[in-house]
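Beneath this line is the structure, given in structure tokens, with notes to follow.
The basis for the numbers below is simple: all heavy atoms, side chains too, and nothing from hydrogens, waters or symmetry mates.
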Amino acid sequence: MQARPLVDVAVSVYGKPYQTAVTLLSLMRYSGQWIDKIYITEERKQPNGSDLTLLHQLLRDYNTVYFTPRFFLWYEDITKSYKRHLLSLPAFRHAVRYQYAWEKTDKSYLLLTHNDVLYRDDIVGAYLERIGDAVGIGKVGQCWNCPAYKAQKCWGGMYDQYQPDYAEIEQLYQTYGNVRKTPFQKIICADHSWPLPECRLNEFTALINMPLARRVTMPYGPAYPLGITDGVDTGTKWFRQISEMGLRATNFEYDPYAQHGWASAVSSGHQSLFDKSMYDAEEERAYQVLQNEYGLGTPALAYGKTVS
């Protein structure tokens, strides 16, 4: 019998210890049979006085690797700054989201996940069954922001088939507008008009084929690390570069398996980082799940409490 494939997990933690715990405990509940190590990057700077003690306690029975980078990069676009040359230095490069796990894993597959995802089924098994020879699998494209999607010309499942020229893209943006502050012209040019600016393998929850992806990504290849933001979003620079190399991702509508931003009243995990009342409400919802689904005790919400 062939040994089952093993997967490592990469998650970056900037606050939200209770949501992080729900993310990883629900993932292990449904997909633990595929998973070996969980690489947890705890950002050097943490918001809202976050205490990760409870998270560590809840994960004590799993094979976890904790890492704190020396630098806090947040969403800085280092591809166009004086800092980009520092990516040759491991200590700096490992501060990029997911990059420490990317370089340390010895598995064929690495699951990337945000720390505010609720898993409801075996998403890893579904990914492994469908990834084939693709560089990665997950939802492709932030189509809700894309004028080509609004024009009903493209969606994530056909991103590699719809390859318009620059003039058509310009017309689409003029007709349907641009929700981003970054001008699309800074992302594409006449000679490289594809993939579209909003195309990426959404790293909310995505499985990466490491033998394919690692060889083309820094420090082993020319593509920027996947976790870098280039003015559009995390992973768009990497996705554009690997697409131009001929690598393709598989679109998979994971909604029955996972819900991103599940604890948020606005379905956005990012917004609460700037609104403490929203942040606390989300963490309260997550704590209730930990109580109801994972046997945590029932004291009132307080950051840093211990397992009863």
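In this structure F92 satisfies the ring-ring contact (aromatic ring centres under 6.0 Å, His included) test together with F71, sequence neighbours excluded. In this view, R200 and E203, D233 satisfy the salt bridge (charged side-chain N to carboxylate O under 4.0 Å, His left out) rule, not counting sequence neighbours. Residues satisfying the ring-ring contact (aromatic ring centres under 6.0 Å, His included) test with Y100, not counting sequence neighbours, are F67, H94. Under the salt bridge (charged side-chain N to carboxylate O under 4.0 Å, His left out) criterion, D255 pairs with K139, not counting sequence neighbours. Taking the side chain to side chain contact (heavy atoms under 4.5 Å, CB included) definition, one finds that Q161 meets it with M158, sequence neighbours left out. Listed by chain and residue number, V135, N209, R215 satisfy the side chain to side chain contact (heavy atoms under 4.5 Å, CB included) test with L212 (two or more places apart in sequence, or in another chain). Annotation: side chain to side chain contact (heavy atoms under 4.5 Å, CB included) contacts of S31 (sequence neighbours excluded): L27, W34, I35, D122, I123, V124. Taking A167 as the reference, D165 meet the side chain to side chain contact (heavy atoms under 4.5 Å, CB included) condition, with sequence neighbours excluded.
Here the side chains of V65 and I38 are not in contact, with every heavy-atom distance at 4.5 Å or above. At a threshold of 4.5 Å between non-hydrogen side-chain atoms, the residues L226 and I242 do not count as touching. Taking the side chain as every heavy atom from C-beta outward, I40 and L59 approach each other to under 4.5 Å. Side-chain contact between Y39 and Y98 is absent, with no heavy atoms from C-beta onward closer than 4.5 Å. T234 has its side chain out of reach of I228: every pair of non-hydrogen atoms, C-beta onward, lies at least 4.5 Å apart. Counting only heavy atoms from C-beta outward, the side chains of Y173 and P197 approach each other to under 4.5 Å. Between Q19 and R285 there is no side-chain heavy-atom pair separated by less than 4.5 Å. Put simply, the side chain of L207 does not reach to within 4.5 Å of the side chain of L110, judged on heavy atoms.
Between F72 and Y14, the distance separating the two ring centers is shorter than 6.0 angstrom. Under the 6.0 Å cut-off for aromatic ring centres, H56 and Y66 qualify, their centroids lying closer than that.
For residues 131-163, the set of pairs meeting the ring pair (Phe, Tyr, Trp, His ring centres under 6.0 Å) definition, not counting sequence neighbours, comprises Y159-F239. Sequence neighbours left out, the pairs with a member in residues 193-231 that pass ring pair (Phe, Tyr, Trp, His ring centres under 6.0 Å) are H114-F204, F204-H260. Within the structure, every pair that satisfies the salt bridge (charged side-chain N to carboxylate O under 4.0 Å, His left out) test and touches residues 234-243, not counting sequence neighbours, is listed here: R240-E244. Every pair passing salt bridge (charged side-chain N to carboxylate O under 4.0 Å, His left out) that includes a residue from residues 25-34 is listed here, sequence neighbours excluded: R29-E293.
T113 and Y119 are linked by a side-chain donor-acceptor pair at a separation below 3.5 angstrom, with hydrogens and angles left out of the test. No side-chain N or O of Q57 forms a donor-acceptor pair with one of T53 less than 3.5 Å apart. Side-chain contact of R120 with Y254: a donor-acceptor pair under 3.5 Å is absent, judged by distance alone. One side chain, Q288 or E284, offers a donor N or O that lies under 3.5 Å from an acceptor on the other. Counting only N and O atoms by type, the side chains of S50 and Y279 include a donor and acceptor under 3.5 Å apart. A donor atom on one side chain and an acceptor atom on the other are not found under 3.5 Å apart for D77 and T229.
Within 6.0 Å of CD in Q174 there are more than 12 heavy atoms belonging to other residues, nucleotides or ligands.
In terms of modelled atom types and a separation under 3.5 Å, the side chain of T23 and the main chain of V117 share a donor-acceptor contact. In this structure, S193 contributes its side chain and P164 its backbone to a donor-acceptor pair below 3.5 Å. No donor-acceptor pair closer than 3.5 Å links the side chain of T41 to the backbone N or O of S12. With hydrogens and angles disregarded, a donor-acceptor distance shorter than 3.5 Å links the side chain of S26 to the backbone of V22. In this structure a side-chain-to-backbone donor-acceptor pair under 3.5 Å is missing from E43 to W74.
Closest approach of S108 to P211, counting heavy atoms only: O-CD, 3.2 Å. Taking both residues in full, the closest heavy atoms of Q46 and G15 are given as OE1-N, 2.5 Å, listed atom of the first, atom of the second, then distance.
The same ILVMFWY cluster, assembled from side-chain heavy atoms under 4.5 Å apart, contains both V9 and L128.
Using a cut-off of 4.0 Å between Lys/Arg side-chain N and Asp/Glu carboxylate O, K37 and D8 are scored as not salt-bridged. Between E103 and R214, no side-chain nitrogen of the basic residue sits less than 4.0 Å from a carboxylate oxygen of the acidic one, so the salt-bridge criterion is not met.
Between W238 and W102, the ring planes are perpendicular. Angles over 60° get that label, and only those under 30° would be called parallel.
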